[in-house]
Amino acid sequence: MTPRPTSSGSQPEQPADQRSTEPPAPARKKAAVKKTGAKKVPAKKTAAAAKATVKKAATEKSTVRKAAKKAAEKTAAKGAAKGAAGSAGSAGKPGKTGKAGKAAPAGKGPAGRQAVRDTTTPAPVPPVPPEMDLEIAVSPALDAADRERLLNGTHHAPHSLLGAHPVPGGVVFRAFRPYARAVSVVSGGLTVELHDDGDGFFSGLLPLREVPAYRLLVTYEGTVQETEDAYRFLPTLGELDLHLIGEGRHEELWTVLGAHPMTHQGVTGTRFTVWAPNARGVRVAGSFNFWDGTGFPMRSLGATGVWELFVPGIGEGELYKFEITRPDGSKTLRADPLARRTEVPPATSSVITSSAYEWGDAEWLERRAGVPAHRAPFSVYEVHLPSWRPGLTYRRLADQLPSYVKDLGFTHVELMPVAEHPFGGSWGYQVTGFYAPTARLGTPDDFRYLVDALHRAGIGVIMDWVPAHFPRDEWALAEFDGRPLYEHEDPLRAAHPDWGTLEFDFGRREVRNFLVANALYWCEEFHIDGLRVDAVASMLYLDYSREPGQWTPNEHGGRENLDAVAFLQEMNATLYRRVPGVVTIAEESTAWDGVTRATHHEGPSGFGGLGFGLKWNMGWMHDSLEYMSHEPVHRRYHHGEMTFSMVYAYSENYVLPISHDEVVHGKGSLVSKMPGDWWQQRANLRAYLAFMWAHPGKQLLFMGQEFAQGAEWSEVHGPDWWLLDPHYGAEADHRGVRDLVRDLNTVYGHTPALWQGDTDPSGFRWVAGDAAEDNVFAFLRYDSDGSPLLAVSHFAPVVRQDYRIGVPEDVPAWREAVNTDAGRYGGSDVTTPDPVKPEPRGWHGLPASVRLTLPPLATVWLRPA
């Protein structure tokens, strides 16, 4: 069993029953009376007092004595109790102040009674055991200081006072039940009414040798409830858990913090635990106690800063928050940082939950561990779940999204953040519930159902994850326990200059633990296949978006955030160690060295790698879109914007992202970035997509761009699906782009040359990288066996006949695999259906060449015939 932890509260005075010690025999009785204020009873008279209960009751007119005698007679008759339920006269009635030691005479009215109700046949009163002859009873009532701290929510150890505790003279029972009319202890066949001490406190002393199994009978106005006593339970966390939490190394933090339905000491209920080291006290408030946490104080578990309470009889579906007393005495009501379910926003309460989901994706999980992501086909469809098909829940999405993505041939979906967030317009990038899938679309198990459905369709699931910052909402993480806790204590380090949010304190071990465990949580509990980490650049640099004087250099005088570096390394190392086949992806927009290098490999900068599996290639995205935005006649002057990416293509493991960021906030949709008339815009888009799919690196395309949506994306109404309505006049043009995306993915998946060597320079060769006057780019891709694919992009609106391209001499013939100008895609249908044979004429530094007809504004892929 876990021992009761050492007190660590702000007022460490001991309760009355703990201050009653056992001094040496000569001074024993005197010390007991002095310290507890209990009645002084000579030892030689103790047994006689017990035998004379009936006579004394007649003299003092004490109902308590009569009831106690009956209880004792019943106990003797049944033989159910080990000790006598005898006189409780040594416990005096406390005065109005609630202090111990001010005992009032018995028989002053109903308030002074401990009523014992029984209907069994009386039996002889058993004698008082000899070993109890010298025990001096203590007052059961709390002293004024403890009462005040419990009433004010500032007590760190309520379990040491409330519940049942052995003391000299028996067992003291105390209950704190605000608004109750009466509280009784029920044990076996006995019901003993406790004394009403005022302010919701009830107490009583029973001459028992040990604490019995018992329940509480609580009488409220109009109702009576029999319940377990929350303060009779041992702590639910073991020493190892507390040690790991204190060290910031609990990799399964979600299993020990938060609200967990469980069975504890044979009783069902919910364990509440929260980290709040600066709090003077913490209480649980929720739908189960009418949002009044007064009677539900939590205990502090030593020096860890963790507060805990097991509440019997409540379970899934109940709402709750933590009422925290700040260091200054003020109070704040906070959602659970580790809540695994929340109310639907704008409501902010946490919800008790547990999972009963049975997964069906074992085959997928086994298969994904076989090949690293950077050496496998990896084309990603980015989705904002609430707006993909507005109104669909997780389970209804599971009926439509997997089949749609599978039909288009994408290997993965990337979900924009699904962790709970208060403002839908943030698209999930300002998170308050880091451990809870958004309740807008269903329950956590509903989300598991969606992930499972995608896996069973053969589609991996990447999730956007936001460990860089969090919003300032007063019910969430900001100054959680009254002082900076999750955020940095330095205001300049805490405030994010761009988004009005707060940055995490990556140097605090408990905060790192919170985030590292969160990454594991999504991958282990929801079978997420990878995390795309948002805003990595803002984490890495102390001067990110800050002017001189607004930031302080690190210990080496540099601008690198060493704490953030250590956190990202720990997160990646832990995730790859524990989750086979997982991939992490960094959205990092600078030239930081070693984003996808292993954490134990030191680079030229002196840092180990960050340990990511892939990195978004923001440079390629900006450069290529800039090139495509120019009229074809001007593209010759920007030719290097399409070739420069190959200078650094193998410095990291890259993803080529056309994400949501490029189609919002006035940037227009992807097709609207293209110059020219209606036809030319779509021709440019088709050529660009095929160039992107052939370029080294993985691909990512945001929803709606696969069918050339003309409008910017809006989270309110989502993609313009009506463009694919057969009754719409231009439907064929939009459907043609979508058909091209399907064919690109199909050919890509079956052509290892397009993905096997994404991180190997030997897998790529320029054929024509300098044909600026012609707006032509040609290159070869190779698989591990040397089998090639030839990609030729022509970004001019003319047809070029007999255009000579150099090729290897060992390929007898080439056949078109993809031509974006095909009529079925909406092109002009300038294609080459027959195989093309090379000529033994060297060209572009290669021993052979082919003559091709280059379609206007098109990309052509050719494979060995």
Side-chain angles (χ1 to χ4, degrees), residues 617 619-650 654 656 658 670 673-676 680 683-697 699 740 744 747-748 751 753-755 757-758 761 763-782 788-808 814 816-821 827 830 832 836 843-846 849-863:
N617 193 335
W620 172 89
M621 180 269 297
H622 286 298
D623 289 346
S624 62
L625 289 180
E626 178 68 18
Y627 174 88
M628 294 302 300
S629 69
H630 292 292
E631 292 286 346
V633 69
H634 300 303
R635 285 174 175 167
R636 69 183 70 182
Y637 306 111
H638 301 273
H639 196 79
E641 292 172 356
M642 291 290 267
T643 60
F644 180 66
S645 60
M646 291 310 303
V647 173
Y648 59 87
Y650 302 104
Y654 283 114
L656 311 179
I658 301 298
L670 186 57
K673 299 176 190 296
M674 306 298 163
Q680 289 178 336
N684 272 304
L685 174 60
R686 294 192 301 267
Y688 177 68
L689 290 174
F691 173 83
M692 170 183 173
W693 252 253
H695 190 284
Q699 294 77 38
L740 170 66
L744 289 175
V747 176
Y748 169 82
T751 308
L754 290 173
W755 43 263
D758 275 334
F764 176 89
R765 175 171 179 170
W766 277 116
V767 175
D770 56 356
E773 295 298 320
D774 300 330
N775 294 359
V776 170
F777 304 88
F779 52 85
L780 288 162
R781 299 291 307 277
Y782 296 94
L789 177 138
L790 174 64
V792 182
S793 292
H794 177 218
F795 291 111
V798 296
V799 177
R800 298 190 188 275
Q801 303 285 348
D802 292 330
Y803 196 87
R804 190 173 293 276
I805 299 289
V807 294
W814 298 83
E816 283 188 358
V818 170
N819 185 330
T820 66
D821 192 52
V830 177
T832 306
V836 178
W843 204 258
H844 291 135
L846 291 165
S849 59
V850 293
R851 289 184 297 165
L852 302 175
T853 299
L854 300 186
L857 299 174
T859 293
V860 179
W861 292 358
L862 299 102
R863 291 188 300 191

How are the rings of Phe777 and Trp766 set to each other: parallel, tilted or perpendicular (split at 30° and 60°)?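 Because their plane-to-plane angle lies in the 30° to 60° range, the rings of Phe777 and Trp766 count as tilted.
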Can you name the closest pair of heavy atoms from [X] and [Y] and give their distance?
X      : Y      : value
Pro855 : Val860 : CD-CG2, 3.9 Å
Arg804 : Ser849 : NH1-OG, 2.8 Å
Val799 : Pro856 : CG2-CD, 3.7 Å
Asn684 : Pro675 : ND2-O, 3.4 Å
Phe764 : Pro696 : CD1-CG, 3.6 Å
Gln680 : Pro797 : NE2-CB, 4.0 Å

Any side-chain heavy atom of [X] within less than 4.5 Å of one from [Y]?
X      : Y      : answer
Leu689 : Thr820 : no
His630 : Tyr637 : no
Phe691 : Met642 : yes

Tell me whether the count of non-hydrogen atoms from other residues, nucleotides or ligands lying under 6.0 Å of OH in Tyr648 goes above 12.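 Correct, the count exceeds 12.
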Mark yes when over 12 heavy atoms from residues, nucleotides or ligands other than Phe644 sit less than 6.0 Å from its CZ; otherwise mark no.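 It does not: Phe644 CZ has 12 such atoms or fewer within range.
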[X] [atom1] to [Y] [atom2] distance, which is reported to the nearest 0.5 Å:
X      : Y      : atom1 : atom2 : result
Leu740 : Trp693 : CG    : CH2   : 8.5 Å
Leu852 : Leu790 : CG    : CG    : 7.0 Å
Glu816 : Thr832 : CD    : OG1   : 4.5 Å
Lys673 : Met628 : NZ    : CE    : 12.0 Å
Leu625 : Trp620 : CG    : CH2   : 6.5 Å
Ser645 : Tyr654 : OG    : OH    : 9.5 Å

Among Arg636, Arg635, Arg800, which residue satisfies the salt bridge (charged side-chain N to carboxylate O under 4.0 Å, His left out) criterion with Asp774?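 Of the listed residues Arg636, Arg635, Arg800, the salt bridge (charged side-chain N to carboxylate O under 4.0 Å, His left out) partner of Asp774 is Arg800.
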Should Thr751 and Arg781 be marked as a side chain to side chain contact (heavy atoms under 4.5 Å, CB included) after you check the CA-CA gap, both sets of side-chain angles, and the distance that decides it? CA-CA 10 Å; Thr751 308; Arg781 299 291 307 277; over 6 Å; no
Do Gln699 and Met692 pass the side chain to side chain contact (heavy atoms under 4.5 Å, CB included) test, and can you show the C-alpha distance, the side-chain angles, and the key distance before you say yes or no? CA-CA 7 Å; Gln699 294 77 38; Met692 170 183 173; 4.0 Å; yes
Is there a donor-acceptor contact under 3.5 Å from the side chain of Thr859 to the main chain of Ala687?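 Side chain of Thr859 to backbone of Ala687: a pair is present.
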Apply side chain to side chain contact (heavy atoms under 4.5 Å, CB included) to Val776 and Val792, showing your working. CA-CA 7 Å; Val776 170; Val792 182; 4.2 Å; yes
Derivation and outcome, side chain to side chain contact (heavy atoms under 4.5 Å, CB included), residues Ile805 and Leu862: CA-CA 12 Å; Ile805 299 289; Leu862 299 102; over 6 Å; no
Please say which of Leu754, Leu656, Asp758 ends up in a side chain to side chain contact (heavy atoms under 4.5 Å, CB included) with His695.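 Among the candidates, only Leu656 passes.
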Is it the case that the ring center of Tyr627 lies less than 6.0 angstrom away from the ring center of Phe795?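 Between Phe795 and Tyr627, the centre distance is under 6.0 Å.
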